[in-house]
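Before any comments, here is the structure.
Being a predicted model, the structure only gives us computed values, none of them experimental.
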Amino acid sequence: MEAAALVSVLLLLCSHMKISLGSGGNNATASDEAVLIRFKSMLEDPTGSLVSWNTSNHYCSWKGVTCSRRHPEKVIALNLNSFGLTGPISPFLGNLSFLRILNISNNRLLGEIPPELGHLGRLQELNLSLNSLEGSIPSVLGKCSKLFLLDLKNNRLEGEIPVELGSLKNLVRLNLYTNYLSGEIPPSLGNFSSIQQLNLGGNTFRGPIPKSLGHLPGLHVLILESNNLSGAIPPEIWNVSSLMLLSVGNNALGGTIPPNALSNLPSLQILLLNQNSFHGNIPISLGNASNLQYFEVAKNNFSGLVPPEIGFLQSIQWIALPYNSLKAEEAEDWSFMSSLTNCSQLISLELDYNRFSGVLPSCVSNLSTSLQKFSVSNNEISGIIPEEIGNVVGLQVFALENNHITGTLPYSLSKLQSLAELSLHKNGLTGHINLAIGNFTQLNYLYLGINFLTGSIPTSLGNLSSLLEIFLASNNFSGMIPSTIFKIPALEYLDLSRNQLEGAIPPEIQNLRIISGFLAHTNKLSGEIPATLGECQLLQNLQLQNNLLEGSIPLLLSGLKGLVTLDLSSNNLSGQIPMFFENLTALDFLNLSFNNFVGEVPTAGIFANATAISVQGNAKLCGGIKNIHLPRCSFESSEKKHKFPVVPVVLPPVGALIMLSLLVYFLFTSRKKRLANGPSASSLLESPLFSYSQLLKATDGFSTTNLLGTGTFGSVYRGKIDGETGENFIAVKVLKLLTPGALKSFAAECEAMRNLRHRNLVKVITACSSIDCRGNDFKAIVLEFLPNGSLENWLHPNSDVEREHIYLNLHQRVSILLDVAYALDHLHFHAAVPVVHCDIKPSNVLLDADMVAHVGDFGLAKILVEGCSSFQPSTSSMGFRGTIGYAPPEYGAGNVVSTQGDIYSYGILIIEMLTGRRPTDNAFDGILLLGLRNHVEMALNNSVMSIVDVELVKEIGNKQATVGGSSSEIRVNSLISLLKLALLCSVETPSSRASTEAIIKELQVIKRTLDARGE
């Protein structure tokens, strides 16, 4: 019995060794496989990324698993980036003794980092970033002596940095950005003798910056921003000559910057000291940092003069000095501005909220023609705007508001063809607005309010189709409001208040479909309130008080469902207060005082809140709630005796019958005509072909089983309806109305698709604007259903099972690219008006049953001036237009929308289709790492097949084996041509990008070449 018991114990120990120790002969295979199975068993895999992890396949062939060549049963790399995994990290991973790379980033991992990972003595890369890991950083990770990358950014880690990490002598990159780490930064980090990138930003570290960080000889990047660090920057930091980026912004650091601090930083390119408490002068040694490109010290307490040595920075692009106490009084104090005329690469100069005074020097006109932003607002600057300011032809933002600038607007301003923002309000400007203002075709914001400008508002403002906001309040403008202003389709905000304007409000105001604020109070406007105001369905703030308006409030204003503020006080308005105000649920301020309204004041909705309404000064009003203290209405008691209200006008029977017949005929014929011609999205907003209940039934109650996809502004469901030819499928895009910008996305999509019809565009069947079963607003767009789904699903299948059945060969990819190019060419040059899509990416390219591509989702689309495809500023309320990775660089710099922007996105789309990699893949993350485009450009000349999608590589290899080398060579050459085309489409300079005509011609040649081989 004892012998048997001993054997049982030995067997149990051996079994345990297979799983836990992973050592020795035949046990090695079982050990690594068992570890991976235990790892998988603790996770949820909703996307099926680990479907290949089963015993029917050798574990070395499992997705994301790489085994050693010398030790073929040993796992050396586990790369599970972006697999959609949920759950804890198994401590059994600590038994993969040969593991060198562990990358489980960008998942939804929970729990703590297992201390067992500290047993991985061969580990070189540990990337657990972009998860939801909690707890502390295990100190035993300091035993992974071969680590050169440790990336734990964007988690929920707490506690202090273990001092043991300082023993990682080979560490090159440590990234702990955006966690909840606390305590002081341990001086032991100064032992990182090989460190190049150290990112500790976005935590709650306190105390001083350790001096030891100044002893890292190869440090390139030091990011300590957004913590609670205090004290001065140690002098040792200023002696790290290899430093390229130093970011300590948004802390509680203070003290002065030594005069010679920047003398020993020849490699420094980025210096960010913003939002601290630094004081004293900006060091004169700034001029010694000869490679400096970005310099920001905003929101500190710097004082004194700006050193003229700043002009020695030949590579400087961005200077941000706002919110300090810098000064300039005499002419010589402005010498730094003269020195900056030598900085030919300067893009942005921000000097706002300082103590600059005296006269703005004329040398401003000699600043670099590449300068895009010049802002010195909220100072005490006097004098005039330099007459030759138009020489700075690259200006996009020119801001001098809240100063003491006098004189007239210089004529040379009209030369600034790229100007997107002109902000000169709250000064002492006089004279007229020159008619040449109509040359600012890219102007987004016009702020000239609170000056002494006179004359009429130029009709040429109507030429500025990209204007989003106009602020001309508090001047002395006279004459009528030009109707041309109301033809600016993108206008969101118009303030003409406190002027001497006369005449009626032009009925063309109905064209301002997305305007949110219209202020014209305190003028001499007359006539009636135009009923067409009701067409401005996104209007939130309407102020027309202190004018001479008359007549009744139009009933069509009931369409202003989003109205928040309405002030019509001190006019000559009459009639009854409309009952529809009770139904405007967003309304929180209503002022109807000092008019001639009569009758009963409603009591529901906003009228139930006495502090939100004002009806005083209307002698013939009665009723309402008690708190507004109006007399009771004399007819209240008699009305209660009647079950039905008295109809004031009764048509004669014959007349009524005739009118009813005409109405039925009109409705029947107009509906028949719409059905024959196909519905337009805009008209169907008023008369939808589908009701809410029909869409509810078609989608089975918007069931998740019918959910096709979801985005920022809406979710798309598959629906089934009964038609004349049997059951038909539709796609229903339901707007998320609580999401900021969703309503504008809805309006933009309807407006863009109103007249768009093309084989390669997703067809809009109709739109639905209704109320759901809970009484909430409901808006949806009904689209044609395309059975093969999005290009995104074909390029990036959710599982290996899908990958086996979903594959696009080279010929199909070229055909899809050609379809998308046809769509863009139609949008840009052949539609009724040019349209910029603004969000070209795989998920917005849908495939029909014949694999023909259709471009969809116009929620961010921008309609340009008819016949113009040049740059136009974006709608600011939409925020950043496009998707990160696909949007062109100029959209981030100035929100400038153009057809060339779509071409850039198209170029990235080509790259993704050929490489199989998203532009946002983690491989391209990091401040000094290459982006996907640069990665392709570097590989194009000598190693093109190393970057191509592995499935395409297999296809070319198979063709070579069966057809011959010539076919393979043709395919490789086609790939190279496509990648060159992609690079040409995605160059940084918009004007240098390929045209749709050139793109189509090139793709047609490539397609014919492949067709000739019988592909």
Side-chain angles (χ1 to χ4, degrees), residues 243-246 262-263 265-273 282-298 305-322 326 328 331-352 354 356 360-376 385-400 410 412-422 442 871 888-894 896 900 934 987-993:
L243 207 57
M244 300 172 66
L245 184 156
L246 175 60
L262 299 173
S263 296
L265 298 174
S267 301
L268 193 64
Q269 297 178 20
I270 300 174
L271 178 59
L272 306 177
L273 307 177
I282 295 175
I284 58 175
S285 59
L286 181 66
N288 294 333
S290 55
N291 286 305
L292 197 63
Q293 298 177 24
Y294 298 90
F295 178 54
E296 180 176 359
V297 297
L305 306 178
V306 178
E309 288 82 0
I310 199 170
F312 297 161
L313 304 176
Q314 296 298 304
S315 300
I316 196 71
Q317 298 179 28
W318 181 37
I319 300 174
L321 313 178
L326 299 168
E332 56 268 23
D333 298 342
W334 285 95
S335 60
F336 76 92
M337 191 67 73
S338 177
S339 69
L340 285 174
T341 60
N342 299 318
C343 301
S344 60
Q345 299 183 47
L346 188 60
I347 294 175
S348 178
L349 178 59
E350 301 175 41
L351 306 173
D352 316 83
N354 277 284
F356 294 110
L360 189 68
S362 60
C363 63
V364 168
S365 302
N366 298 324
L367 290 171
S368 170
T369 55
S370 65
L371 188 67
Q372 297 178 10
K373 182 175 184 179
F374 179 75
S375 182
V376 291
I385 299 173
E387 186 61 38
E388 299 304 322
I389 189 64
N391 293 340
V392 192
V393 293
L395 268 184
Q396 296 179 13
V397 176
F398 184 47
L400 297 175
S412 70
L413 273 174
S414 61
K415 297 179 182 178
L416 303 179
Q417 300 294 308
S418 300
L419 203 62
E421 178 181 333
L422 179 60
Q442 297 183 38
F871 293 92
E890 66 267 17
Y891 283 17
V896 178
Q900 292 96 323
N934 291 333
V987 294
E988 186 170 349
T989 306
S991 60
S992 301
R993 294 170 193 159

Less than 4.5 Å apart, side chain to side chain, heavy atoms only: is that true for [X] and [Y]?
X    : Y    : value
L265 : L271 : no
L416 : L422 : no
I347 : W318 : no
F398 : L413 : yes
L351 : F336 : yes
N391 : T369 : no
N291 : L268 : no
V364 : M337 : yes

Review point. So, S370 side chain and L346 main chain: donor-acceptor pair closer than 3.5 Å or not?
Key: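 Flag set: sc S370 to bb L346 pair under 3.5 Å.
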
Review point. Is a donor on one side and an acceptor on the other found under 3.5 Å between the side chain of S418 and the backbone of Q396?
Key: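 No; zero donor-acceptor contacts below 3.5 Å.
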
Check residues 308-315 and write down every donor-acceptor pair under 3.5 Å in which the side-chain atom is one partner and the other belongs to a residue at least two apart or another chain.
none

**Study point:** Reference residue V306; test side chain to side chain contact (heavy atoms under 4.5 Å, CB included); the match among L326, L286, D333
**Key:** L326

**Study point:** Residues that Q269 engages under side chain to side chain contact (heavy atoms under 4.5 Å, CB included), provided they are two or more places apart
**Key:**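 With sequence neighbours excluded, Q269 shows a side chain to side chain contact (heavy atoms under 4.5 Å, CB included) to M244, Q293, given in chain and number order.
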
Practice item. I would like to know whether L262 and N288 meet side-chain contact (heavy atoms from CB on, under 4.5 Å); could you show each step before the answer? Key: CA-CA 6 Å; L262 299 173; N288 294 333; 5.5 Å; no

[X] [atom1] to [Y] [atom2] distance, which is reported to the nearest 0.5 Å:
X    : Y    : atom1 : atom2 : result
Q900 : S991 : CD    : OG    : 7.5 Å
L349 : L321 : CG    : CG    : 7.0 Å
N366 : L340 : CG    : CG    : 12.0 Å
I319 : L371 : CD1   : CG    : 9.5 Å
I316 : S368 : CD1   : OG    : 12.5 Å

Review point. Which atoms form the tightest heavy-atom contact between Q417 and Q442, and what is the distance?
Key: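 Reported closest heavy-atom pair: O-NE2, 3.6 Å.
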
Check your understanding: Are there more than 12 heavy atoms of other residues, nucleotides or ligands under 6.0 Å from atom OH of Y294?
Key -> no

